[in-house]
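In each ligand, atom 1 is the first atom listed, and ligand 1 is the first ligand listed. Hydrogens, waters and symmetry mates are skipped; everything else that's a heavy atom, side chains included, is used.
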Amino acid sequence: MNQITPMSKIEIIPATAPFSEAQRSWLNGFLAGALGIDGSTPLPPAQNGAVLAPAGDIDDGEAPWHDQTMPIAERMKLAEGRPLRRRMMAAMAQQDCGQCGYNCSDYSDAIADRSEARLNLCVPGGKETARMLKALYEEIDKVPAAAKPAAPTAAPATVSVVVSAPGRLRDNPVEATFLSRRLLNKPGSEKETWHIEFDLGESGLDYVVGDSFGIFAKNDLGLVDQIIALLGASHMTEVKGKPLRQCLLEDVSLSPAPDTLFELISFLTGGATREKARRLAQGEDPDGDAATLDVMAVLQKFSGVRPHPEAFVEALEPLQPRLYSISSSPKANPGRVALTVDAVRYDIGPRRRLGVCSTCLAERIPLGSVMKVYVQKATAFGLPADPNVPIIMIGPGTGIAPFRAFLQERIATRAPGQNWLYFGHQRSDFDFFYEDELKAMRKAGHLHRLTLAWSRDAEEKIYVQHRMRDDGRDFWDWLERGAHIYVCGDATRMAKDVETALVDIVAQHGKRSAGEAAAFVAALKKQGRYQQDVY
Ligand SMILES: Cc1cc2nc3c(=O)[nH]c(=O)nc-3n(C[C@H](O)[C@H](O)[C@H](O)COP(=O)(O)OP(=O)(O)OC[C@H]3O[C@@H](n4cnc5c(N)ncnc54)[C@H](O)[C@@H]3O)c2cc1C
Ligand SMILES: NC(=O)c1ccc[n+]([C@@H]2O[C@H](COP(=O)([O-])OP(=O)(O)OC[C@H]3O[C@@H](n4cnc5c(N)ncnc54)[C@H](OP(=O)(O)O)[C@@H]3O)[C@@H](O)[C@H]2O)c1
């Protein structure tokens, strides 16, 4: 929290920021000067340390829409009547995932005070968030002056953008060497998940368990060349100071097609084609195929249209980094970082679409080559400070990633607290990630309970939350002993169902009404005893 103590010590950089005390103190002084804060007036509370609420912007600080499973229409409804910056926050995907370089609250504040001009950074929110932000942005000039955030001074409102040390934020990545890939599924699996390792040696980067790793991947060269062919352009056409091919490989997103590409096509055509492109640009779906339109599919759909490469590139969105939960502890793997990456591949008509970063890691990047990377500090996801506290970790699929790191850390630090892991996936024979390691930890007494849920071993789907309910009494006992609960993996379905199961366990075994149980779980969240890393 931003605070000014009675001694007028100015604290803009939160204590949790990755700086030494001396660096923090210097930065606090520097920013106080740049922002014109003299310490005589208390700063209004802010959600995450860096952004000041504008004068006249009355808001209770609550964010009832802050739930990643809630559809955007519902979130916007809950934000009705709130200041513009809070409605902007409601438009975001509510994952606080850090992919945009902020959390949701700080990103919206930065857009509202115009220190951030990019409205398309919310990866999980995708096009619907970008569209809503664009509409809200147009309201900025209509906001009464008193409630309008002050124009940014020399220092942007988000401190982190100014002061990021190398490799600490997406805006200042460093290079790390790609060391290895190993398939975690056995032959016969329907999934393709990789254990990936990077060498951080040269980069000087470090991390703690719970952090995520940001990676700037390149697009698939085959796809890039097909797009260049559809444009009827040359690889070497210069665009933004580099050859078109390099620009398409490194700089722009080729999926999904942005509204600006449809706009460009509507400018270049006429009649029914123009009308179709115009409707697509407005979020309509004239042919029922809008959801499948990546950039190449758009060029195929409007095959007579050949935009100039420069205009084409300008109509595309920047290629964003991707985040992965770190699956190693630096104490067990000095100078290295491990990830657990599910390869995204799916069909668009007759064509197979490859997830940019996951398949880059799975097959395109040669061992020993370097990639631009950064560590995304976890804001509220980490081991309890007290090593005696028991922990329950619920991580189906790639959700196991941070828990492998937690376990390695608790072993390396000889933490006496008990560890309980719920892992689940499709089939026990093929999809038991890190089976040998987990069994060895179990045998050595480091992993006190391991509960498994296989969804496709039998007729009936068994998910982690079913196992939680089966174990309800013990689960409640652990909670009563102060256990911290962690969930990682799918945000939209699994995380919601796990939370429902937790509420039910509290109601049944804690002998509470449904309302009391929900309040109990909400309190666990507030106390930092129920933490999520979901995507
Ligand atoms: C904090 C955080 C932690 C994460 N940790 C992990 C992790 O540990 N492991 C992991 O594997 N991932 C993790 N992710 C997800 C990861 O960041 C990427 O989103 C993921 O790897 C896909 O990126 P990509 O570039 O390969 O695919 P993209 O090119 O981004 O393609 C993915 C997109 O394709 C679309 N899509 C995907 N499947 C289908 C389908 N079947 N049909 C139609 N459309 C589809 C969706 O729009 C999806 O968003 C994490 C995300 C966050 C925010
Ligand atoms: N943003 C992205 O582009 C991206 C990239 C990778 C993964 N993801 C998402 O991240 C999630 C993790 O993917 P993953 O490969 O690690 O595994 P996953 O697809 O989540 O599957 C892991 C296990 O969870 C089960 N499961 C399905 N629905 C569930 C529910 N409601 N509650 C509890 N368990 C449930 C699955 O069962 P069944 O499949 O048998 O039902 C499977 O056994 C997925 O939702 C995936 O879509 C997103």
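- When Leu323, Val123, Asp220, Thr398 are ranked by how near their heavy atoms come to atom 14 (N) of ligand 1, first place goes to Leu323.
- Ligand 1 has no nitrogen or oxygen under 3.5 angstrom from a nitrogen or oxygen of Ala401.
- A donor atom on one side chain and an acceptor atom on the other are not found under 3.5 Å apart for Thr398 and Tyr324.
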Enumerate, atom names and distances included, each donor-acceptor pair closer than 3.5 Å involving a side-chain atom of residues 330-338, sequence neighbours excluded.
{"unit_1": "Lys331", "atom_1": "NZ", "unit_2": "Glu409", "atom_2": "OE2", "d": "2.6"}
{"unit_1": "Asn333", "atom_1": "ND2", "unit_2": "Ser329", "atom_2": "O", "d": "2.9"}
{"unit_1": "Asn333", "atom_1": "ND2", "unit_2": "Gln408", "atom_2": "OE1", "d": "2.9"}
{"unit_1": "Arg336", "atom_1": "NH1", "unit_2": "Glu197", "atom_2": "OE1", "d": "3.0"}

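- For atom 29 (C) of ligand 2, the nearest protein heavy atom lies closer than 4.0 Å.
- For atom 22 (C) of ligand 2, the protein comes within 4.0 Å by at least one heavy atom.
- Residues Ile391 and Pro384 are in side-chain contact: their nearest non-hydrogen atoms beyond the backbone lie under 4.5 Å apart.
- Any N or O atom pair closer than 3.5 Å counts here, and Tyr535 shares no such pair with ligand 2.
- Using a 4.0 Å cutoff on heavy atoms, Gln376 does not count as a contact of ligand 1.
- Counting the atoms of ligand 1 from 1 in the order shown, those under 4.0 Å from a heavy atom of Gln99 are 53 (C).
- The shortest N or O to N or O distance between Asp342 and ligand 1 is under 3.5 Å.
- The protein heavy atom nearest to atom 15 (O) of ligand 2 is Lys191 NZ, 2.9 Å.
- The shortest contact between atom 39 (O) of ligand 2 and any protein heavy atom is with Arg456 NH2, 2.8 Å.
- At least one N or O atom of Lys461, backbone or side chain, sits closer than 3.5 Å to an N or O atom of ligand 2.
- Near Gly355, with a cut-off below 4.0 Å to any heavy atom, the atoms of ligand 1 are 24 (P), 25 (O), 26 (O), 27 (O), 28 (P), 29 (O).
- Close approach of ligand 2 to Arg493 (heavy-atom distance below 4.0 Å) involves ligand atoms 27 (C), 28 (N), 31 (N), 45 (O).
- Residues Val534 and Gln95 approach most closely at O-OE1, 3.5 Å, considering heavy atoms.
- Of the heavy atoms in Thr398, both backbone and side-chain atoms come closer than 4.0 Å to ligand 2.
- Contact check on Arg449 versus Asp474 returns a salt bridge, with a Lys/Arg side-chain nitrogen under 4.0 Å from an Asp/Glu carboxylate oxygen.
- For Tyr422 and Tyr463, the distance between ring centers is not under 6.0 angstrom.
- Without hydrogens or angle criteria, Asn419 side chain to Leu407 main chain gives no donor-acceptor distance under 3.5 Å.
- Side-chain N or O atoms of Arg322 include one that pairs as donor or acceptor with a backbone N or O of Gln320 at under 3.5 Å.
- Among all non-hydrogen protein atoms, the one lying nearest atom 24 (O) of ligand 2 is Pro396 CB, 3.9 Å.
- Protein heavy atom in closest approach to atom 30 (O) of ligand 1: Arg322 NH2, 3.0 Å.
- Across Thr340, Thr193, Asp490, Ile462, heavy-atom proximity to atom 44 (C) of ligand 2 is greatest for Asp490.
- Less than 4.0 angstrom separates atom 35 (C) of ligand 2 from at least one non-hydrogen atom of the protein.
- For ligand 1, the polar-atom distance check finds no N/O of Gln95 at less than 3.5 Å from any of the ligand's N/O atoms.
- Within a 4.0 Å radius of atom 47 (O) of ligand 1, the protein contributes no heavy atom.
- The shortest distance between side-chain heavy atoms of Met92 and Ile111 falls below 4.5 Å.
- With a 4.0 Å heavy-atom cut-off, ligand 1 is reached by the backbone of Tyr324 and by its side chain too.
- Salt bridge Asp220/Arg352: absent, no basic N to carboxylate O contact under 4.0 Å.
- Less than 4.0 angstrom separates atom 19 (O) of ligand 2 from at least one non-hydrogen atom of the protein.
- Salt-bridge check for Lys496 with Asp490: failed, with every basic side-chain N at 4.0 Å or more from each acidic carboxylate O.
- For the pair Leu354 and ligand 1, the shortest N or O to N or O distance does not fall below 3.5 Å.
- Protein heavy atom nearest atom 26 (N) of ligand 2, with residue, atom name and distance: Tyr463 CE2, 3.4 Å.
- In terms of protein heavy-atom proximity, atom 42 (N) of ligand 1 is closest to Tyr346 CD1, 3.4 Å.
- Considering only heavy atoms from C-beta on, Arg351 comes within 4.5 Å of Leu223 through its side chain.
- Without hydrogens or angle criteria, Asp199 side chain to Leu179 main chain gives no donor-acceptor distance under 3.5 Å.
- In this structure the side chain of Leu367 reaches within 4.5 angstrom of the side chain of Phe178, judged on heavy atoms.
- Near Val344, the atoms of ligand 1 lying under 4.0 angstrom from a non-hydrogen atom of the residue are 22 (C), 37 (C), 38 (N).
- Between Val341 and ligand 1, no pair of N/O atoms sits closer than 3.5 Å.
- Comparing heavy-atom distances from atom 33 (C) of ligand 2 across Gln99, Arg427, Gln465 singles out Gln465 as nearest.
- Electrostatic pairing of Lys439 and Asp436 does not count as a salt bridge here, judged by no charged N lying under 4.0 Å from a carboxylate O.
- Here the protein heavy atom with the shortest distance to atom 6 (C) of ligand 1 is Tyr535 CZ, 3.5 Å.
- Counting only heavy atoms, the protein gets under 4.0 Å from atom 11 (C) of ligand 2.
- Atoms of ligand 1 lying under 4.0 Å from any heavy atom of Asp533, numbered from 1 in the order shown and given with element: 1 (C).
- Glu435 and Lys186 are joined by a salt bridge, as a carboxylate oxygen and a charged side-chain nitrogen come within less than 4.0 angstrom of each other.
- Summarising the contacts of atom 31 (N) of ligand 2 with Thr492, Asp497, Asp342, the nearest heavy atom is found in Asp497.
- One finds no salt bridge joining Asp251 and Lys240 here, because no Lys/Arg side-chain nitrogen approaches an Asp/Glu carboxylate oxygen to under 4.0 Å.
- Less than 4.0 angstrom separates some heavy atom of Gln426 from each of these atoms of ligand 2: 39 (O), 43 (O).
- Across Ser455, Gly355, Pro124, heavy-atom proximity to atom 40 (O) of ligand 2 is greatest for Ser455.
- For Val344, every heavy-atom contact with ligand 2 shorter than 4.0 Å involves the side chain, none the backbone.
- No close placement of the Tyr207 and Phe213 rings is indicated, their centers lying 6.0 Å or farther apart.
- Taking only nitrogen or oxygen atoms, main chain and side chain alike, Thr359 does not reach within less than 3.5 Å of ligand 1.
- Side chain to side chain, Tyr535 and Gln99 fail the donor-acceptor criterion of an N or O pair below 3.5 Å.
- Set against the non-hydrogen atoms of Ser358, the atoms of ligand 1 under 4.0 Å away are 21 (O), 24 (P), 26 (O).
- With hydrogens and angles disregarded, no donor-acceptor distance shorter than 3.5 Å links the side chain of Arg170 to the backbone of Gly101.
- Numbered from 1 in the order shown, with element, the atoms of ligand 2 that lie under 4.0 Å from a heavy atom of Gly397 read 16 (O), 17 (O), 22 (C).
- Every pair passing salt bridge (Lys or Arg N to Asp or Glu O under 4.0 Å) that includes a residue from residues 424-434 is listed here, sequence neighbours excluded: Glu190-Arg427.
- Near Arg353, meaning under 4.0 Å from one of its heavy atoms, ligand 1 places the atoms 28 (P), 29 (O), 31 (O), 34 (O).
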